[in-house]
2 protein chains.
Amino acid sequence: MARAAEVSPITASRALRNARGVDPTLAQRVHEAAEQLGYVPDPAARALASQRSSQVIVLVPLLSNTLFVDLLEAVHRTLFPEGYHPLIGVTHYDSAEEELLLRTYLPLRPAGLLVTGFDRSEASGQLIARSGVPCVHLMETSTTPGVPCVGFSQHDAGAAITRHLLDRGRRRIAFCAAQLDPRVMQRAAGYRHCLAQAGLYDPSLELLSPERSSIALGARLFEDMLARAPDVDAIFFCNDDIAQGGLLAASRLGIAVPDRVAVAGFNDLAGSDQMVPPLTTMRTPRSEVGRAGAAMLLGMMRGSQPAPGCVELDYELVVRGST
Amino acid sequence: MARAAEVSPITASRALRNARGVDPTLAQRVHEAAEQLGYVPDPAARALASQRSSQVIVLVPLLSNTLFVDLLEAVHRTLFPEGYHPLIGVTHYDSAEEELLLRTYLPLRPAGLLVTGFDRSEASGQLIARSGVPCVHLMETSTTPGVPCVGFSQHDAGAAITRHLLDRGRRRIAFCAAQLDPRVMQRAAGYRHCLAQAGLYDPSLELLSPERSSIALGARLFEDMLARAPDVDAIFFCNDDIAQGGLLAASRLGIAVPDRVAVAGFNDLAGSDQMVPPLTTMRTPRSEVGRAGAAMLLGMMRGSQPAPGCVELDYELVVRGST
DNA sequence: TTGTACGCGTTATCAC
DNA sequence: GTGATAACGCGTACAA
């Protein structure tokens, strides 16, 4: 290949990497030769020599929540054109799985690492830190300075939608949650904070299930909640999927929404706008989190000087018929 | 590391790969030494020397359809414990994107390749063939012998659910579809075939939209279909998400399901059992497709002698309240 | 700006 | 069953 372009191998190498310090004429010749020969540099040899691959490990809890699909989509759109290749790992909210994924993929010497939230095992944290691989945390914000992260305040967003229910005149506002991951618990804290300030917090109106979030579970939680506290006049579901399940249960049981019970969700997932009635929810900036997080990582991978801090994004209340 | 175990590097290499022809005593010593040192073989060096990595490229059209998420989950569960690592690529039903992904990832010298269906560009097909990488096709079946694939007959499944509607006494059976990928069109063919045999095929009852499948689109298709042919007494939606949208539209418009119009979906996605009324649908074996496809690939990667052919799996009609 | 010499960490080959 | 040697195909470091 270098022969075809009549340059030394190293010049070809530099030209193909678009490294600086190569005569444009030679670079041109190299690119043409590569094109004609269909030459593609071997990523393995490249990784071995440079101790760095073009892969970026992206760890998400699930793919069954479209939230993370949107996030991944944005990450891909941002990284791929820059020559970095996302390698998706699914943790299932399991720190042991996350650790195994890190042990498996960190030896690939990835160029970067994108992880969800801050909650992980001690061992995982150390694996990341000792690897020296640039890492950005997504979906949450941190108060610790110097930690690269892009997210929004789950706490405040949870409080904001609770306040919306208060503003609608509701007084017996319940909270139904599943999964109970850190971000859900932060929303729960926001809910409590908001109601406590209003003097309306009642622990018996919280229904927390460790089960995997699903539409079917939402239906069950809705029924359980109404059976337990028939006087509830609003329910804040921690995620749109269980909120949709709640709305469907209401429809099945003939319970008027929002007249008898208002229903609010979280994340504005697909289909929420099509429910009957349409679901009030909090639109969270997951695509923007993916984009900005990947962009921050790009900077770090290329050796940005100023240590990037924490980027806090906005969420948006979407008021629809269910409240 | 080899020093620590007091053996030559090559013996260590063989021991760690569990290659045959190593004294169990030495192998033991090597494994212990690796354990103590926290030694992990470098995948890049391994790939460079052996011309083969442990990665398996998996190409799916979308992640927003939980069908493919289930598929990927099963693939991961099958490959990962065997030391192979799925690398997910999303094509968005775009052959140019698929080709780019192949051009990008094939140079990694993956151990195997898992692709969705048979419909791809000439160039993509050649890239795969010339790479020599073992490849299994998923979700469809092929009549061509010798092509490794795991799937089911989309055509017959489409015909079967249409027959169910006939059996329910419906005579004006419509077909609503989105996305219009090859598998959707095969279901359409099954629908036509079934109705034509019954002498009830009416092209004006087909509504095909190239738009991306979604709940919102399903609602729109439902309304359009009823406006166009008020005498429709059943609608077969090509996928559960648009079927769910149809049911929600019916609920919103006060159209009785199934009394006025029966509704059937396809794939049995999350939430279909929670609809009001619950959605009749075709349960497709995507997890089994993932598992069996990955298992077939495992055989090929390890050099199975008998060229694996086509595995055809079963689907299952799930009758619920909507019909 | 370009080139030389070397090494990255592992496995293939072939001898012992 | 085990080991010596070489090579995999690039990039780094330094020299020119």
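Chain naming here is simple, since letters A, B, ... match the order of the sequence lines and numbering starts at 1 in each.
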Novice: If you pin B:V22 and A:A12 to their nearest nucleotides in DNA chain D, which one's is more 5'?
Specialist: B:V22
Novice: Classify the ring geometry of B:H137 against B:F118: parallel below 30°, tilted from 30° to 60°, perpendicular beyond 60°.
Specialist: parallel
Novice: Whole-Å distance between C:dT10 C1' and B:R109 CZ?
Specialist: 15 Å
Novice: For the pair made of CZ in B:R29 and C1' in D:dG1, what is the distance, rounded to whole Å?
Specialist: 13 Å
Novice: Would you say that B:L297 contacts B:Y84 through its side chain, given a criterion of any heavy-atom pair below 4.5 Å between the two side chains?
Specialist: no
Novice: Which part of the nucleic acid, if any, lies within contact of A:R14, taking any heavy atom under 4.0 Å across all strands shown: a base, the sugar-phosphate backbone alone, or nothing?
Specialist: base
Novice: Which listed nucleotide (D:dT2, D:dG11, C:dG9) is nearest to the side chain of B:D42?
Specialist: C:dG9
Novice: Let me know the distance between CZ of A:R52 and P of D:dT12, rounded to the nearest Å.
Specialist: 11 Å
Novice: Report the nucleotide, chosen from D:dT12, D:dT2, C:dT10, that has the shortest atom-to-atom distance to any side-chain atom of A:S50.
Specialist: D:dT12
Novice: Using heavy atoms to find the nearest nucleotide of DNA chain D for A:S13 and B:R20 separately, return the residue whose nucleotide is more 5′.
Specialist: B:R20
Novice: Would you mind checking if B:E288 and B:R291 are paired as a salt bridge, meaning a charged N to carboxylate O distance below 4.0 Å?
Specialist: yes
Novice: Look at A:R17 and D:dG11 and indicate whether a side-chain polar atom (N or O) is within less than 4.0 Å of OP1 or OP2.
Specialist: yes
Novice: Nearest to the side chain of B:D23, heavy atoms from C-beta on, is which of C:dT10, C:dG7, D:dG1?
Specialist: D:dG1
Novice: Quick one: which of D:dC8, D:dT2, D:dG11 gets closest to the side chain of A:I10?
Specialist: D:dG11
Novice: Quick check for you: among C:dT10, D:dG9, C:dT2, whose closest atom lies nearest to any side-chain atom of B:L48?
Specialist: D:dG9
Novice: OP1 or OP2 of D:dG9 less than 4.0 angstrom from a side-chain nitrogen or oxygen of B:Q51, does that happen here?
Specialist: yes
Novice: Whole-Å distance between C:dG9 C1' and B:L16 CG?
Specialist: 13 Å
Novice: Using distance alone, with no hydrogens and no angle criterion, decide if A:S287 and A:D70 have a side-chain donor and acceptor under 3.5 Å apart.
Specialist: no
Novice: On DNA chain C, compare the nucleotides closest to A:P9 and B:A45; which residue's is nearer the 5' end?
Specialist: A:P9
Novice: Expressed as a whole number of angstroms, how long is the span from B:N18:CG to C:dT11:P?
Specialist: 12 Å
Novice: Determine whether more than 12 heavy atoms belonging to other residues, nucleotides or ligands lie under 6.0 Å from atom CZ of B:R130.
Specialist: no
Novice: Which of these nucleotides, C:dT10, C:dG3, D:dT2, is closest to any side-chain atom of A:T11?
Specialist: C:dG3
